[in-house]
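So the structure is just underneath, and the comments pick up after that.
The figures that follow rest on heavy atoms only: side chains count, while hydrogens, waters and symmetry mates do not. In what follows, every chain begins at residue 1, and chains take the letters A, B, ... in the order their sequences are listed.
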Amino acid sequence: MCLAVPLKLVEIDGNDAVAELDGIKMKIRIDFVKDVKVGDYVYVHAGFAINKLDEELAKENLELFREVANAAKNKSE
Amino acid sequence: MQLKINPNDIKDIVEFINNYDKKTIKIMEVCGTHTMAIAKSGIKTILPENIKLISGPGCPVCVTAINRIDEVLALSQNPKVLIATFGDMFKVPGSRPGVNLASLKSMGAKIEMIYSAMDALLIAENNPEYEVVFLGIGFETTAPGTAVAIKEAKERNIKNFSVFSMHKFVEPALRVLLDSKEIEIDAFICPGHVSTILGIKGFKFLADEYKKPSVISGFEPEDILTAIYKIIMQIEKNTAIVENEYLRIVNLDGNKFAQKFIEDVFEPVDDVWRGLGVIPRSGMGIKDIYSDFDTVKRFDIKLNFEDKVTICKCGDIIKGKIEPKECSLFAKICSPENPIGPCMVSSEGACAAYYKYLRF
Ligand code: SF4
């Protein structure tokens, strides 16, 4: 539950936004992150962006995240 | 002991930790997600005898007292109530064996699994014939989202929505653990995502008041190993500070917007924790201006603050007193398919982590 995932913002409408990871889109809220724009990366926890991420770091993080996700997938297969 | 190491090279760090034999160091990892990550990565297998990692009270479902579960289960029997909850709560048993939200749902109770507090609000809007109750579980990372939902319910005048707040502050529980001296803790790995909200500041008390070396860490094996290395270095240098290893998303002051939402909607109230009993000002109670959205008030629930003793040893696990294997039910009667306590249910629970990765 306390997991947070780095996602890319693809739509913003007030405090509502759509974020994406590898083509999977998710409705989130961005009440806690100000001055974000489409294309920015945010860390999402339980449907809320809890922080904005530096793009470079986000990409690094995403790589790690994918590696972990893949490792988990391979293990369960 | 090898002293000249390159702290950026994870191989060096692993070797350093593996060969460290100078002192006994007990490190508490506060957060349940760390417990899971540590179990999964096999970090414990490379630790020398003298370095111990102990799980702390950072699994929100695990620290929820059994009375609260019973109260939630009872509420779900009200035919007008629809309960919206994060998945972690589904299989947590109450006092009656085998009875949990999942089993009650299969018998007709209205219970929905959701991912965000906002989903609960949406369910309320779409189902005006039901009283939608959102189970507010979690620490400072999750509570701001609940606060947004409550504020919005008020603004948009959504009358059939309320929150059963079991949200908690992390700091009071850590203080109780340290003050009680029941177990020895030499250092802390601080929870990464709670720190995102509270900032480094939120954990300064560990170093300043209790003189415990503390490192805020991310969740990758490299992060956790680096945190352990930094803790050893602090202990060797005889200092105690809060270091931030999770630079990617944690800063000094945390997320002020999220903090403000918590402050606006919640106030500290005494709350009961499984295994720790009642801790003053450790719970997040809903402020009077939002009392219309407080499930406890709306349904006049008489909260029971007793910390009931059960056969499950989660209470001792939360305190770091024992490891899951020391519970006589572990992997025998108690398993993820038939969990006896919340530590075996939650994706952040120590028993679930041990069952999955460290059983043999
Ligand atoms: S193994 Fe089961 S009964 Fe034992 S402490 Fe863990 S959850 Fe409780």
Side-chain angles (χ1 to χ4, degrees), chain A residues 1-9 11-21 24-36 40-76, chain B residues 31-34 36-37 40-41 58-61 86-89 114-120 122 137-149 151-152 191-197 218-223 247-251 254-261 346-348 356-357:
Chain A
M1 200 173 91
C2 280
L3 217 72
V5 190
L7 299 175
K8 187 178 180 168
L9 289 171
E11 267 172 54
I12 296 176
D13 175 15
N15 279 321
D16 291 302
V18 177
E20 181 217 59
L21 173 69
I24 299 166
K25 286 187 181 164
M26 195 178 156
K27 276 180 126 177
I28 63 159
R29 292 277 298 214
I30 51 170
D31 304 65
F32 315 139
V33 288
K34 302 294 159 183
D35 55 76
V36 284
D40 284 347
Y41 283 86
V42 287
Y43 240 96
V44 178
H45 165 81
F48 286 80
I50 54 172
N51 217 337
K52 191 175 148 180
L53 266 160
D54 176 90
E55 186 165 350
E56 282 308 303
L57 289 176
K59 283 188 178 141
E60 234 172 72
N61 248 344
L62 268 176
E63 278 317 306
L64 275 173
F65 189 77
R66 286 199 186 99
E67 257 171 51
V68 174
N70 282 338
K73 220 168 90 196
N74 292 340
K75 224 177 184 176
S76 66
Chain B
C31 167
T33 310
H34 277 141
M36 241 334 155
K40 186 173 178 180
S41 63
C59 156
V61 173
F86 296 129
D88 275 19
M89 283 293 277
I114 54 169
Y115 295 97
S116 157
M118 301 314 287
D119 298 341
L122 194 68
I137 292 276
F139 301 108
E140 284 91 338
T141 331
T142 324
T146 305
V148 171
K151 277 192 146 183
E152 223 171 274
H193 295 135
V194 171
S195 306
T196 310
I197 305 297
F219 297 91
E220 304 307 329
E222 291 85 347
D223 292 329
L247 284 172
R248 316 200 270 287
I249 66 164
V250 175
N251 61 27
N255 187 323
K256 292 210 161 139
F257 301 107
Q259 289 169 22
K260 178 83 170 48
F261 271 98
S346 171
S347 54
E348 295 155 53
K356 213 164 165 194
Y357 302 110

Next item on the list: Would you confirm whether A/Asn51, through its side chain, and B/Asn255, through its main-chain N or O, come within 3.5 Å as a donor-acceptor pair?
Entry: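 No; zero donor-acceptor contacts below 3.5 Å.
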In Å and rounded to the nearest 0.5 Å, what is the [atom1] to [atom2] distance from [X] to [Y]?
X: A/Asn15; Y: B/Glu152; atom1: CG; atom2: CD; answer: 7.5 Å
X: B/Phe257; Y: A/Ile50; atom1: CZ; atom2: CD1; answer: 14.5 Å
X: A/His45; Y: B/Ile197; atom1: NE2; atom2: CD1; answer: 7.5 Å
X: A/Lys52; Y: B/Ile249; atom1: NZ; atom2: CD1; answer: 14.5 Å
X: B/Met118; Y: A/Ile28; atom1: CE; atom2: CD1; answer: 12.0 Å

Notebook entry, point to check: Would you say the side chain of A/Lys34 lies within less than 4.5 Å of the side chain of B/Lys256, judging by non-hydrogen atoms?
Noted result: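 No; the side chains remain at least 4.5 Å from each other.
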Check: Should B/Ser116 and A/Phe48 count as side-chain neighbours, where that means a heavy-atom distance under 4.5 Å?
Finding: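 The answer is yes, as the side chains (C-beta and beyond) meet within the 4.5 Å cut-off.
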Check: For B/Glu140, is it the side chain, the backbone, both or neither that has a heavy atom under 4.5 Å from a heavy atom of chain A?
Finding: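 Neither part.
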Item checked: NZ/A/Lys27: more than 12 non-hydrogen atoms of other groups inside 6.0 Å ->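 Atom NZ in A/Lys27 is not packed in, count stays at 12 or less.
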Next item on the list: Heavy atoms only: give me the nearest B/Gly145-A/Phe32 pair and the separation to one decimal.
Entry: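 So the minimum-distance heavy-atom pair works out to N-CZ, 3.8 Å.
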Next item on the list: Please state whether the rings of A/Tyr43 and B/His193 are parallel, tilted or perpendicular, taking 30° and 60° as the class boundaries.
Entry: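 Correct class here is tilted.
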